[in-house]
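The next block holds one structure in the form of structure tokens; read it before the comments.
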Amino acid sequence: MVKSRVRSIAMAVLAPTMALGATVGLASAPASAAVWNSCDQWASTSLNGYTLYNNIWGSGAGGQCIWANSGTGWGVRADHPGTGGIKSYPNSTKAINKTIDSLGRLTSDYNVSVPSSGAYNTSYDIWDTDHDYEIMLWVNYNGAVGPIGGYEGNVSLGGHNWNVYKGTNGSNEVFSFLRTSDSNAGTVDIKPILQWLAYDKRWMAGNETIGEVQFGYEITSSSGGLNFNTNNLTVSGG
């Protein structure tokens, strides 16, 4: 499926393509008191070395509210209509700013609770500093969603088995790794994936600087309001 990807860190400086206003709908804020919460379209905050983004960027989006108790424990309630196209990518971002070659290690632990309905993927979104390359790692997905580009094969890397896709969104190259079975908790060793891209496939250079690792939910539809909870997410290394 061809999807119109927009760099989430650039969203705050790009003119939105939809008339959503400063506050997007009323997806209803979390019932429990959180350290931080917001229903604003581009809401963001920094907690414990992570930056959280509500990041509602797609055309035809509904309401979405984000909450956080820490940079590693957060979630959203989203109510997006059952139409095609990605509506949002709420995420937690960790800055890396090291070349693939100079990375000593780069690992992540994740634990999520996601709905059984709706259309979405739970994914890492890894960017180089120039935004020439986007590396997506889908740990689970549901409904009518799919990666950019064509199928390139299957590979076992970083503790998981993936189906790999390669394509472009018109702005940057996209390498998508789709886990062959859904997982709501686990550990990903990211460095071997980057090395495989650089040295096994030669799709990017080993001296490419990895700017950040994002983790969140690419939501296409969540009619009626669905909860996406990040029970724990840590990114370690450098």
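Along the sequence shown, the residues carry numbers beginning at 1.
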Practice item. For Asn69 and Ala34, work out which heavy atoms get closest and say how close. Key: OD1-CA, 3.4 Å
Point to revise | Sidechain-backbone polar pair: Thr230 side chain, Gly75 backbone, donor-acceptor under 3.5 Å | key: no
Review point. Do you see a donor-acceptor pair shorter than 3.5 Å between the side chains of Asn231 and Ser113?
Key: yes
Practice item. With side-chain contact (heavy atoms from CB on, under 4.5 Å) as the test, would you mind laying out the steps for Asn163 and Tyr151 before giving the verdict? Key: CA-CA 7 Å; Asn163 288 323; Tyr151 178 68; 3.5 Å; yes
Practice item. Tell me yes or no: between the side chains of Asn55 and Ser88, is some donor less than 3.5 Å from an acceptor? Key: no
Point to revise | Main-chain N/O of Leu226 paired to Ser222 side chain as donor or acceptor, under 3.5 Å | key: no
**Study point:** Atom pair CD1 (Ile190) and CG (Leu157), whose distance is rounded to the nearest 0.5 Å
**Key:** 12.0 Å
Review point. Just checking, is any N or O donor in the side chain of Asn54 or Tyr89 under 3.5 Å from an acceptor N or O on the other one?
Key: no
Exercise for review: For Phe177 and Trp196, run side-chain contact (heavy atoms from CB on, under 4.5 Å): C-alpha distance rounded to whole Å, both residues' side-chain angles, the deciding distance at 0.1 Å, then the answer.
Suggested key: CA-CA 12 Å; Phe177 294 73; Trp196 182 82; 3.7 Å; yes
**Study point:** Side chain to side chain, Lys166 and Ile148, heavy atoms closer than 4.5 Å
**Key:** no
Exercise for review: Without swapping roles, check the side chain of Ser123 against the backbone of Asp125 for a donor-acceptor pair under 3.5 Å.
Suggested key: no
Review point. How long is the gap from CH2 on Trp74 to CG on Asn229, to the nearest 0.5 Å?
Key: 9.5 Å
**Study point:** Spacing of Leu52 atom CG and Thr45 atom OG1 [to the nearest 0.5 Å]
**Key:** 7.0 Å
Review point. Does a donor on one side chain and an acceptor on the other come within less than 3.5 Å for Asn91 and Thr93?
Key: yes
**Study point:** Nearest heavy atoms of Ile96 and Ile210, plus distance in Å
**Key:** CB-O, 3.6 Å
**Study point:** Pairwise side-chain contact, Trp42 with Trp57, heavy-atom cut-off 4.5 Å (strictly under)
**Key:** yes
Exercise for review: Would you check if the side chain of His160 reaches a backbone N or O of Thr187 as a donor-acceptor pair within less than 3.5 Å?
Suggested key: yes
Review point. Does a side-chain N-to-carboxylate-O contact under 4.0 Å join Glu212 and Lys94?
Key: no
Exercise for review: Report yes or no: does Thr122 contribute a side-chain atom to a donor-acceptor pair with the main-chain N or O of Val139 at less than 3.5 Å?
Suggested key: no
Review point. Can you check whether Val235 reaches Leu233 side chain to side chain, under 4.5 Å on heavy atoms?
Key: yes
Practice item. Evaluate the side-chain contact (heavy atoms from CB on, under 4.5 Å) criterion for residues Tyr124 and Tyr110: first the C-alpha distance (whole Å), next the side-chain angles of each, then the deciding distance (0.1 Å), finally the verdict. Key: CA-CA 10 Å; Tyr124 292 88; Tyr110 63 93; 3.3 Å; yes
Check your understanding: What distance do Trp203 atom CH2 and Ile135 atom CD1 have between them, rounded to the nearest 0.5 Å?
Key -> 11.0 Å
Practice item. Give, for atom CG of Leu197 and atom OH of Tyr133, the distance between the pair rounded to the nearest 0.5 Å. Key: 10.0 Å
**Study point:** Among Gln41, His80, Lys87, the one residue meeting side-chain hydrogen bond (donor to acceptor under 3.5 Å, both in side chains) with Gln64
**Key:** His80
Review point. With a 4.5 Å limit on heavy-atom distance, are the side chains of Ile86 and Ile219 in contact?
Key: no
Study note, to complete from the structure: On a heavy-atom basis, the closest approach of Tyr199 and Gly206 is OH-CA, 3.4 Å
Exercise for review: Using only heavy-atom distances, determine whether the side chains of Ser70 and Thr72 contain a donor-acceptor pair under 3.5 Å.
Suggested key: yes
Exercise for review: Considering non-hydrogen atoms only, spot the tightest contact between Val76 and Pro90 and give its length.
Suggested key: CG1-CB, 3.6 Å
Check your understanding: According to the interplanar angle, ranging from 0 to 90°, do the rings of Tyr141 and Trp138 count as parallel (below 30°), tilted (30 to 60°) or perpendicular (above 60°)?
Key -> perpendicular
Check your understanding: Going by distance alone, is a donor N or O of one side chain under 3.5 Å from an acceptor N or O of the other, for Thr180 and Asn161?
Key -> yes
Practice item. Would you check if the side chain of Asp128 reaches a backbone N or O of Asp132 as a donor-acceptor pair within less than 3.5 Å? Key: yes
Review point. Given side chains that start at C-beta, do those of Lys98 and Leu103 come closer than 4.5 Å, heavy atoms only?
Key: yes
Point to revise | Minimum heavy-atom distance between Val188 and Leu137, given as atom pair plus value | key: CG1-CD1, 4.0 Å
Practice item. Return yes if some donor-acceptor pair links the side-chain N/O of Asn142 with the main-chain N/O of Gly118 below 3.5 Å, else return no. Key: yes
Exercise for review: Ignoring hydrogens and angles, state whether a donor on the side chain of Asn140 or Asn184 is under 3.5 Å from an acceptor on the partner side chain.
Suggested key: yes
Point to revise | Main-chain N/O of Ile66 paired to Arg77 side chain as donor or acceptor, under 3.5 Å | key: no
**Study point:** Heavy-atom side-chain proximity of Ser38 to Trp67 below 4.5 angstrom
**Key:** no
Exercise for review: Step through it carefully: locate the ring centre of Phe228, locate the ring centre of Tyr120, and say whether they are under 6.0 Å apart.
Suggested key: yes
Exercise for review: Could you pull out the closest heavy-atom pair between Ser221 and Pro81, with the gap in Å?
Suggested key: CB-O, 3.2 Å
**Study point:** NZ-CG distance between Lys191 and Leu106, expressed to the nearest 0.5 angstrom
**Key:** 9.5 Å
Review point. Less than 4.5 Å apart, any side-chain heavy atom of Gln214 and any of Ser92?
Key: no
Practice item. Go through the steps to decide whether Arg105 and Asp189 satisfy the test side-chain contact (heavy atoms from CB on, under 4.5 Å), and finish with yes or no. Key: CA-CA 8 Å; Arg105 65 184 181 91; Asp189 191 352; 5.7 Å; no
Review point. Using the benzene-type ring in the case of Trp, are the ring centres of Phe175 and Trp162 under 6.0 Å apart?
Key: no
